[in-house]
Number of protein chains: 2
Amino acid sequence: MDHTRWLDEEEMRAWLAFIPTATLVARELDQQLKEDMGLSHLQYEILVHLNAAENGALRMTALAERLINSKSGLTYQIGQMERDGLVRRRPCEWSKSGVLAEITDEGRAMLERAAPGHVEKVREVLIDVLTPDECKAIADGLGRVRDRIIERNDGGSCW
Amino acid sequence: MDHTRWLDEEEMRAWLAFIPTATLVARELDQQLKEDMGLSHLQYEILVHLNAAENGALRMTALAERLINSKSGLTYQIGQMERDGLVRRRPCEWSKSGVLAEITDEGRAMLERAAPGHVEKVREVLIDVLTPDECKAIADGLGRVRDRIIERNDGGSCW
DNA sequence: CGAGAGCTGTTCAAATTTGAACGGCAGGAG
DNA sequence: CTCCTGCCGTTCAAATTTGAACAGCTCTCG
């Protein structure tokens with residue numbers, strides 16, 4: 001017997017519009033950032049998260065989780081960005097084994113310069129193409145999808 | 001002056017629900033396929049596209065475009081899959097410089113075994129979490145986003 | 001025919017990512 | 001205190017991805 005509930009036409013349309021589109025959009029953003037600023041999208045995101053954090057700093061693991069990135073991958077990228085002066089490593093005060101990644105002034109300046117072009121691109125390829133209704137449906141639906149996956153993985157492990 | 005049209009709250013919600021969720025979903029699918037079948041998501045997609053093609057075969061470039069992958073990356077993956085017997089290379093009849101990637105019987109068998117678990121996971125993490133309305137909005141909206149990017153890049157280059 | 005522009009798929013080195021293994025630290029049970 | 005389990009960030013080798021460079025082929029214009 002075949003218990004598999006295959007996707008119907010509408011579901012298939014949604015599926016084929018989801019991952020491929022995300023891949024395309026990510027590629028567009030990556031190119032824009034790389035050409036204009038010499039930053040990868042991941043590096044940009046790192047700056048965004050650090051900049052938004054309490055003291056411009058976050059612990060490595062916390063940052064990796066927010067970025068949906070592996071810890072070792074983050075270690076590598078922070079290394080690159082530290083070399084470029086965008087970020088600095090600092091020991092964590094209350095835990096000898098902890099390390100804080102902290103955004104530098106140069107990092108904040110870079111973010112400030114990069115943000116307008118980035119947001120413009122996000123609008124151009126995604127947001128301005130969507131109707132407000134679609135925008136809301138995506139925020140609600142995909143937000144729920146995201147939260148469920150995160151919640152489900154919380155009881156589990158990391159990477 | 002600052003002409004930047006920043007994202008309003010709803011747009012930001014959609015943005016923060018899009019790429020991160022796609023990343024998470026892709027990770028889930030990759031894990032499921034790798035654990036259960038030893039296939040990466042990319043390899044699975046290659047099988048899907050070849051299986052759906054006219055004679056179970058596509059030219060390298062055509063396949064790369066559908067997969068949203070670089071040509072060199074595809075060369076590598078086809079190499080891996082050829083080694084594993086899932087795929088075979090065949091010269092293109094009407095063009096000496098062309099190469100066809102063709103799915104093997106073993107490849108079709110693998111796909112048949114992998115598909116149910118894959119679809120089930122797609123439902124579990126994504127489709128079954130969305131309401132029909134959201135599903136439609138995603139299909140319509142993101143489909144439009146995708147088509148615009150593809151169309152815009154057609155006049156341009158490849159990778 | 002013959003030069004030239006544009007494809008095709010591959011190659012290569014460099015960059016990045018992955019996942020397991022590791023040494024050091026934290027925190028609770030005995 | 002001391003062992004033990006678990007977390008932290010890093011390290012490492014292997015896998016993969018990237019992008020430019022390449023050699024061969026195709027097609028068109030002259």
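Within every chain, numbering begins at 1; the chains are lettered A, B, ... in the order of the sequence lines, protein sequences first and strands thereafter. Because the structure is a prediction, the values reported are computed rather than measured.
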**OP:** Let me know the distance between CD1 of B:Ile68 and C1' of D:dT17, rounded to the nearest Å.
**Re:** 15 Å
Original post:
In whole angstroms, how far is the C1' atom of D:dC25 from the CZ atom of B:Arg59?
Top reply: 10 Å
Subject >> Salt-bridge criterion met for A:Arg152 and B:Glu28 (N-O under 4.0 Å) >> reply: yes
Subject >> Neighbour count above 12 (heavy atom, 6.0 Å) for A:Gln80 CD >> reply: yes
**OP:** Let me know the distance between CD of A:Glu65 and C1' of D:dC7, rounded to the nearest Å.
**Re:** 11 Å
Subject >> Shortest side-chain distance from A:Tyr76, nucleotide among C:dA15, D:dG19, D:dT10 >> reply: C:dA15
Original post:
Starting at the 5' end of DNA chain C, which residue's closest nucleotide do you reach first, B:Ala62 or A:Leu42?
Top reply: B:Ala62
Subject >> A:Arg123 backbone acceptor or donor facing B:Arg5 side chain under 3.5 Å >> reply: no
Original post:
Just how far, in rounded Å, is C1' of C:dT8 from CG of B:Leu58?
Top reply: 15 Å
Please list every donor-acceptor pair under 3.5 Å in which a side-chain atom of residues 12-19 of chain B meets a protein atom from a residue at least two apart or in another chain.
from: B:Arg13; atom 1: NH1; to: A:Asp140; atom 2: OD1; distance (Å): 3.1
from: B:Arg13; atom 1: NH2; to: A:Asp140; atom 2: OD1; distance (Å): 2.8
from: B:Arg13; atom 1: NH2; to: B:Glu10; atom 2: OE1; distance (Å): 3.4
from: B:Arg13; atom 1: NH2; to: B:Glu10; atom 2: OE2; distance (Å): 3.3

Subject >> Pairwise distance CD(A:Glu11) to CG(B:Leu126) - rounded to 0.5 angstrom >> reply: 9.5 Å
**OP:** For B:Arg27 and A:Ile68, indicate whether the former's side chain and the latter's backbone hold a donor-acceptor pair under 3.5 Å.
**Re:** yes
Original post:
Which whole-number value in Å describes the distance from A:His41 NE2 to D:dT18 C1'?
Top reply: 18 Å
Subject >> Under 3.5 Å: donor-acceptor pair, side chain of A:Thr4, backbone of B:Pro116 >> reply: no
**OP:** Name the closest nucleotide to the B:Lys71 side chain, picking from C:dT8, C:dG19, D:dT17.
**Re:** C:dT8
**OP:** Among the candidates D:dT18, D:dC8, D:dT11, find the nucleotide nearest to the side-chain atoms of B:Ser72.
**Re:** D:dT18
Please tabulate, one pair per line, each protein N/O and nucleotide N/O from nucleotides 25-28 of chain C that are separated by under 3.5 Å, including the distance.
from: C:dA26; atom 1: OP1; to: A:Lys96; atom 2: N; distance (Å): 2.9

**OP:** Quickly work out the B:Gln31 CD to C:dT18 P distance and round it to whole Å.
**Re:** 11 Å
Original post:
Rounding to a whole Å, what distance do you find between A:Lys34:NZ and C:dA14:C1'?
Top reply: 13 Å
Original post:
Atom CE of B:Met60 to atom P of D:dG24: distance rounded to whole Å?
Top reply: 19 Å
Original post:
Does any N or O in the side chain of B:Gln43 come within less than 3.5 Å of the main-chain N or O of B:Met81, such that one atom is a donor and the other an acceptor?
Top reply: no
Original post:
Does CZ in B:Arg59 sit with more than 12 non-hydrogen atoms of other residues, nucleotides or ligands closer than 6.0 Å?
Top reply: yes
**OP:** Taking only heavy atoms on the protein side, list every residue of residues 77-92 of chain B lying under 4.0 Å from any atom of DNA chain D, sorted numerically.
**Re:** B:Gln77, B:Gln80
**OP:** Could you pick out which residue, A:Leu74 or A:Asp30, lies toward the 5' side of DNA chain D when each is mapped onto its nearest nucleotide?
**Re:** A:Leu74
